[in-house]
Undergrad: 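Submitted below is the structure of interest, expressed as structure tokens.
Computation of the quantities below employed the complete heavy-atom set of this structure, encompassing side-chain atoms and omitting hydrogens, waters and symmetry-equivalent molecules. First listed ligand is number 1; within each ligand, the first listed atom is number 1.
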Amino acid sequence: MSEFDLIRRFFIDLGAARTDVALGVGDDCALLEIPAGQQLAVSIDTLSAGVHFFSDCEPAAVGHKALAVGLSDLAAMGAQPAWATLALTLPSAELEWIEGFSRGFAALATAHGVQLVGGDTTRGALSVTVQVHGFIPKGAAVRRSGAQVDDVICVSGTLGDAGLALRGLRAGTAVTTELRQRLEYPTPRVALGLELREIATAMIDLSDGLAGDLEHILAASNVGAKLALAQLPLSAQVAEVVAQTGDWALPLAAGDDYELCFCVPAARLDAAQTIAEQCGCAIHSIGHICAATGLEYRLNNGEQWKMTRRSFDHFAIECD
Ligand code: ADP
Ligand code: MG
């Protein structure tokens, strides 16, 4: 099958059919219409086999996750997803793999009204790069730099599930389907990010882990934070690991959560909870912003907890 046949078979008409796509896959460029008064939000991510996913990972999961990580970035700015482009590097034209990949990609794209409008297909070590494009009303994006002293810090979903799944897969121990889904089929919190645009002062998506990603908000906003570890939302399995080890690095630093972390004025916390309910996605307040810089973790007994390099390294992903 030629490169062209392959593109025609698997990547034309992928995802939603959007009226703002004047010309999609097939010519030298795509031609796209940005609605008046909107800014284009753009983000790109690469997933490489052996680094970001296991080489034998099911192809639909790779397709899903390659798009999901980009949609999570759009969500973190409060952007409405619209288009994607895809650069695919394949060792060989294995039709079964490409079919599975495009199926996983298409299901998530369709669910979010995203159309694949172009890309590139080359030969080489298996690697997938996806660029996503979304719309935000001019000036309405939620940036990392807006956190204010006394804001409440919230996170969506639960933390550490993907990290625990990854650890199990690496060690060759049993991993429940539920945990594995959290690693391989992350759910980008697109609706939540959009709805929070009105009230969040700062927002980021959690790809590297709360500890590192929240630091980005703190640095950009020139503030500090105090977190109550007991308030971190954990699945039963992650809670069990933390209880056994006393080490919070799993939910704080393992990464790959693709949840949203955001700040809201305390007076808007109820509004944020209502939004979360409407979006069908739980949120939890985990601490607050303070003027003194630095990120502090408190245990239930009031003692401070410090993340050691050792616990951090234990869960850190080698390369991301
Ligand atoms: P060119 O050589 O002009 O860059 P290509 O032969 O690489 O064009 O691609 C032909 C068309 O197919 C273009 O519209 C391109 O955007 C699209 N395309 C190529 N690979 C992919 C892919 N993996 N996914 C989506 N569209 C693709
Ligand atoms: Mg060309």
Undergrad: So, do Phe135 and Trp83 have ring centers that fall under 6.0 Å from each other?
TA: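 Yes.
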Undergrad: From the options Arg180, Glu58, Lys65, select the one residue that forms a side-chain hydrogen bond (donor to acceptor under 3.5 Å, both in side chains) with Tyr185.
TA: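 Result: among Arg180, Glu58, Lys65, Glu58 is the only option passing the side-chain hydrogen bond (donor to acceptor under 3.5 Å, both in side chains) with Tyr185.
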Undergrad: Need the ligand 1 atom indices (1-based, order shown) with element for anything under 4.0 Å from a heavy-atom of Phe4.
TA: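 Counting from 1, the qualifying ligand atoms are 6 (O), 10 (C).
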Undergrad: Side chain, backbone, both or neither: which part of Leu14 has a heavy atom under 4.0 Å from ligand 1?
TA: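 No part of Leu14 comes within reach of ligand 1.
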Undergrad: Output the list of atoms in ligand 1 that are nearer than 4.0 Å to some heavy atom of Phe11, sorted by atom number.
TA: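 With Phe11 as reference, the close atoms of ligand 1 come out as 23 (N), 24 (N), 25 (C).
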Undergrad: Is Gly119 in polar range of ligand 1, meaning some N or O pair under 3.5 Å apart?
TA: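 N/O-N/O distance under 3.5 Å: yes.
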Undergrad: With heavy atoms of Asp120 as the reference, note each atom of ligand 1 found under 4.0 Å away.
TA: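 Those qualifying, in numeric order: 7 (O), 19 (C), 20 (N), 21 (C), 22 (C), 23 (N).
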Undergrad: Using 0.5 Å steps for rounding, measure from the CD1 atom of Ile204 to the CZ atom of Arg144.
TA: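 Reported to 0.5 Å precision, the distance equals 3.5 Å.
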Undergrad: Any chance you could measure Ser145, atom OG, to Asn222, atom CG, to the nearest 0.5 Å?
TA: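 Spacing of OG (Ser145) from CG (Asn222) equals 11.0 Å.
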Undergrad: Give the atoms of ligand 1, by number and element, whose distance to some non-hydrogen atom of Gly26 is under 4.0 Å.
TA: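 Here the atoms of ligand 1 in question are 11 (C), 13 (C), 14 (O).
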Undergrad: Please step through side chain to side chain contact (heavy atoms under 4.5 Å, CB included) for the pair Leu227 and Ile153, ending with a clear verdict.
TA: CA-CA 8 Å; Leu227 296 187; Ile153 302 164; 4.0 Å; yes
